[in-house]
Each structure stands twice: as C-alpha cells, then as structure tokens.
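Only one structure is covered here, and it is reproduced in the block below.
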Amino acid sequence: MKICVTGGMGYIGSHTVIELIKEGHEPIIVDNLVNSNPEVLNRIQKITNVKPKFYQIDVRDEEKLDDCFKQEGFDAVIHFAGLKSVGESVKKPDLYFDNNIGSSKTLLKVMKKYNVKNIIFSSSATVYGVPKHVPLVETDPVGQAANPYGQTKIEIEKILINEAKQDEKMNIVLLRYFNPVGAHESGLIGEDPNDIPNNLMPYITQVAVGRLEQLTIFGNDYPTKDGTCIRDYIHVVDLALGHLAALKAIKENWGLKIYNLGTGKGTSVLELVNAFNQANNLNIKYQYGARRAGDVVVNYANADKALNELNWKATHNIVDMCRDAYLWQKQNPQGYKK
C-alpha cells in the first residue's frame with residue numbers, strides 16, 4: 001500500500017515508517033519539521049536501504065497537501081502530525097487547538113477530495129481523563145482531559161467518529177497509546193525532544209549521558225507500592241507494529257475501530273529508574289520533588305481487544321525498553337544534532 005504518514009519524521013512516526021518499509025509498503029512522509037530533524041531520513045535509509053519520499057508540508061496548508069495527494073494517489077493515511085507537549089499546551093491552548101484539530105480537519109477534507117477512505121489516527125490514553133478504574137478498556141467513557149493536548153485528541157476522535165457515521169465506506173482506526181519509550185535496536189533513531197524533556201525516559205537517558213544533572217521524581221507519597229506514579233510503558237517498536245496490525249484490519253473494511261496499545265502492566269516511576277540502572281549497569285542520580293498538578297496516580301491498559309482482533313501484543317519488556325533507549329542516547333548524546 002502507498003501510505004501518507006503525517007508526522008512521519010517524529011519519534012513514533014519514524015519507527016512506524018521503518019516497519020512499513022520492512023513489510024513492503026510505500027510510506028510517504030508529510031512533516032513540517034517543527035518537532036523533528038531532516039537527519040531522520042538518512043537514518044531510516046541506513047536501517048532499511050530505502051529513503052522514503054518526503055514532503056516538507058504543514059498539514060494545515062491545504063494547497064500543498066492537495067498537491068501531494070494529487071501526485072501520490074494514496075491508499076491510506078497514518079496521522080501522527082501534531083504538537084504533543086502537555087506543559088506547552090497548558091501555556092498555549094489556542095496554538096494546540098489550531099494546530100492539532102486544524103490539521104486533522106484539513107487532512108480529512110483533502111482525503112475526501114481524493115477518495116482516500118482509510119485512516120489510522122495516533123490518539124492517546126489521555127482521552128480517558130482521570131481513570132475511575134484500571135486497567136482501562138476501550139468502552140470506558142472518554143472523559144474530560146487533564147490538559148489542552150489531551151482535549152485535542154478527544155476532539156479529533158469526535159470528528160473521526162462522526163465521519164465514520166456519515167460515510168459507511170470510511171475505515172477509521174483510533175489507536176490510544178499509553179507511554180511510548182525505547183528506541184530502534186540499532187540506536188540510529190530514537191526520542192529527541194527539542195528542549196528539556198517532558199517525558200520520563202528521555203530525561204533519564206539525558207542524565208545518563210551527562211546532559212542533565214539529575215532526575216527529579218515528582219512525588220513519592222502516592223498510594224502505590226513505592227509511593228511513585230504508575231504508568232504503562234510500551235516499546236516504540238511494539239507501538240509501530242500496532243499500526244501495521246491496524247493496517248491489515250483496515251483492508252478488511254472494518255469501519256470504525258478503537259484499540260488501546262499498551263502492555264497491560266503498570267510500572268512505577270521508581271521501578272523504571274531501577275530497571276534502567278539494571279539494564280545498563282548505571283546508577284542514575286535522582287531526587288524526589290513535590291507532586292505535579294494533574295498527574296494521574298495509576299494508569300495502564302487492557303490491550304486484550306488488540307490481541308483478539310488484530311493479533312497484536314507488546315513483546316518487549318521494560319529492560320528491553322531501557323536498554324534500547326540508552327543505546328540511542330549513548331550513540332547520539334545530542335540527539336540528531338551533530
């Protein structure tokens with residue numbers, strides 16, 4: 001299949017492009033490089049011996065996106081493009097609504113024009129809001145997100161669900177991710193945040209290579225076994241393979257489907273730090289800080305639906321995730337910057 005991958009130069013997008021190429025698909029990347037680096041293309045080529053076609057386009061730019069669709073004749077779209085910093089979204093909610101929701105509306109409009117009926121959307125577990133129970137299942141109500149970033153995911157899901165109701169020929173898969181970590185086993189591509197990382201794993205790896213002095217764990221007095229928050233960490237390659245599984249399902253004209261992509265297992269922040277130390281024979285320096293406003297205590301997935309319907313499950317364990325994340329950072333201490 002020829003697949004438009006919006007945001008395909010980003011962390012999850014680039015890993016998915018690699019798996020698509022390995023599977024014999026033709027991914028074509030559309031990305032504005034706001035949160036990514038052109039070096040990613042060279043790294044993808046090193047891993048796969050294929051340099052995917054790349055259009056530097058902001059997905060909100062209807063004219064340029066239209067030209068791209070006209071030239072390429074896509075079979076399907078995997079939609080990753082969007083801003084994703086929770087903290088920034090709180091400071092700049094209008095930017096997030098304009099960028100994330102606006103780009104999705106433009107993308108759908110162009111897809112309709114060129115009769116592209118298949119889309120996989122990169123959603124998030126944040127759509128569930130504060131969990132009333134764990135593990136979370138796909139039938140749990142979509143709540144009020146704790147931040148504007150999460151709210152944009154809810155709004156885009158609503159738009160896509162409405163689209164499925166209006167057009168029975170549309171095949172839409174909403175993939176709700178939990179906490180992606182890790183990197184490609186080659187160490188050539190990985191997570192490369194622009195500034196001080198918002199996510200735990202890149203913060204840990206940057207402390208490990210000396211870019212940051214020490215890790216702060218926000219809160220050690222939660223009602224958990226070690227007092228730190230619990231999350232469902234999933235290896236980014238497992239996540240990428242989840243998109244390939246969804247792509248196979250889309251070929252069977254399934255209409256609208258929603259899946260959690262996670263391991264189904266909760267790991268505390270402290271357990272992740274200890275696993276990182278164990279996997280890499282290190283001793284990461286950390287301190288405890290005050291709780292962060294809005295942090296959920298425990299959050300992890302039930303991914304049985306993906307197993308039963310897509311024959312997909314996460315196969316990497318927490319040690320694999322820690323080992324691969326550190327290899328990437330060790331080989332690229334400054335990320336993609338030389």
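Within a 6.0 Å sphere centred on CD1 of I159, heavy atoms belonging to other residues, nucleotides or ligands number more than 12. Other residues, nucleotides and ligands contribute over 12 non-hydrogen atoms within 6.0 Å of the CD atom of E163. The number of heavy-atom neighbours closer than 6.0 Å to CD of E63, taken from other residues, nucleotides and ligands shown, is 12 or below. The 12-atom threshold is exceeded at NZ of K305, counting heavy atoms of other residues, nucleotides or ligands nearer than 6.0 Å. The environment of E168 atom CD is sparse: at most 12 non-hydrogen atoms of other residues, nucleotides or ligands sit within 6.0 angstrom. Around NZ of K109, the count of heavy atoms belonging to other residues, nucleotides or ligands within 6.0 Å does not exceed 12.
Checked against a 6.0 Å centroid threshold, the rings of F74 and F69 count as neighbours.
Under the rule for a salt bridge (Lys or Arg N to Asp or Glu O under 4.0 Å), K46 has no partner lying at least two apart in sequence or in another chain. When the side chain to side chain contact (heavy atoms under 4.5 Å, CB included) test is applied to V30, the partners found at least two apart in sequence or on another chain are C4, Y55, I57, V59, L65, C68. Applying the side chain to side chain contact (heavy atoms under 4.5 Å, CB included) rule to L282 yields the partners A208, F276, N277, N280, Y326; only residues at least two apart in sequence or on another chain are considered. Evaluation of the side chain to side chain contact (heavy atoms under 4.5 Å, CB included) rule for S122 yields F80, K153, Y177 as partners, not counting sequence neighbours. For the side chain to side chain donor-acceptor pair (under 3.5 Å) test, no residue two or more places apart in sequence or in another chain qualifies with Y288. With sequence neighbours left out, the side chain to side chain donor-acceptor pair (under 3.5 Å) criterion links T48 to no other residue. A search for salt bridge (Lys or Arg N to Asp or Glu O under 4.0 Å) contacts involving K257 returns E309, not counting sequence neighbours. Partners of R60 according to the salt bridge (Lys or Arg N to Asp or Glu O under 4.0 Å) rule, which considers only residues two or more places apart in sequence or in another chain, are D58, D98. In this view, Y149 satisfies the ring-ring contact (aromatic ring centres under 6.0 Å, His included) rule with no residue, not counting sequence neighbours. Every residue was checked against the side chain to side chain donor-acceptor pair (under 3.5 Å) condition with E26, not counting sequence neighbours, and none meets it. Applying the side chain to side chain donor-acceptor pair (under 3.5 Å) test to N260 and every residue at least two apart in sequence or in another chain returns Y128.
Salt-bridge check for K117 with D167: passed, with a basic side-chain N closer than 4.0 Å to an acidic carboxylate O. Here D320 pairs with R323 in a salt bridge; the nearest charged N to carboxylate O distance falls below 4.0 Å. Of the charged side-chain nitrogens involved, none lies within less than 4.0 Å of a carboxylate oxygen, so that R176 and E138 do not count as a salt-bridged pair. Using a cutoff of 4.0 Å between basic side-chain nitrogens and carboxylate oxygens, K158 and E155 are scored as salt-bridged.
The main-chain N or O of V296 is found under 3.5 Å from a side-chain atom of R231 such that the two form a donor-acceptor pair. Distance alone, capped at 3.5 Å, is enough to place a donor-acceptor pair between the T228 side chain and the L270 backbone. Remark: the backbone N or O of V90 is not paired with any side-chain donor or acceptor of N147 at under 3.5 angstrom. Of the possible donor and acceptor atoms, one in the side chain of H184 sits under 3.5 Å from a partner among the backbone N and O of S186.
Through ILVMFWY side-chain contacts below 4.5 Å, V137 is grouped with nothing and stands alone.
Between the side chains of K337 and N332, no donor-acceptor pair is found at a separation under 3.5 Å. Looking only at atom types and distance, the side chain of H133 has a donor-acceptor partner in the side chain of D140 under 3.5 Å away.
Annotation: the span from I318 atom CD1 to I234 atom CD1 amounts to 10.5 Å, rounded to 0.5 Å. N274 contributes atom CG, which lies 11.5 Å from atom OG1 of T267 (distance to the nearest 0.5 angstrom). Atom-to-atom distance recorded for K84:NZ and S89:OG is 13.0 Å, nearest 0.5 angstrom. Rounded to the nearest 0.5 angstrom, H79 NE2 and L175 CG are separated by 13.0 Å. A distance of 13.0 Å separates CZ of F121 from CD1 of I78, quoted to the nearest 0.5 Å.
M321 and Y11 fall into different hydrophobic clusters, defined by Ile, Leu, Val, Met, Phe, Trp and Tyr side-chain heavy atoms under 4.5 Å apart, directly or through other members.
Ring geometry for W254 versus Y259: interplanar angle of 30 to 60°, hence tilted.
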Next item on the list: Show your working on side-chain contact (heavy atoms from CB on, under 4.5 Å) between S85 and Y96 and close with a plain yes or no.
Entry: CA-CA 9 Å; S85 165; Y96 271 65; 3.3 Å; yes
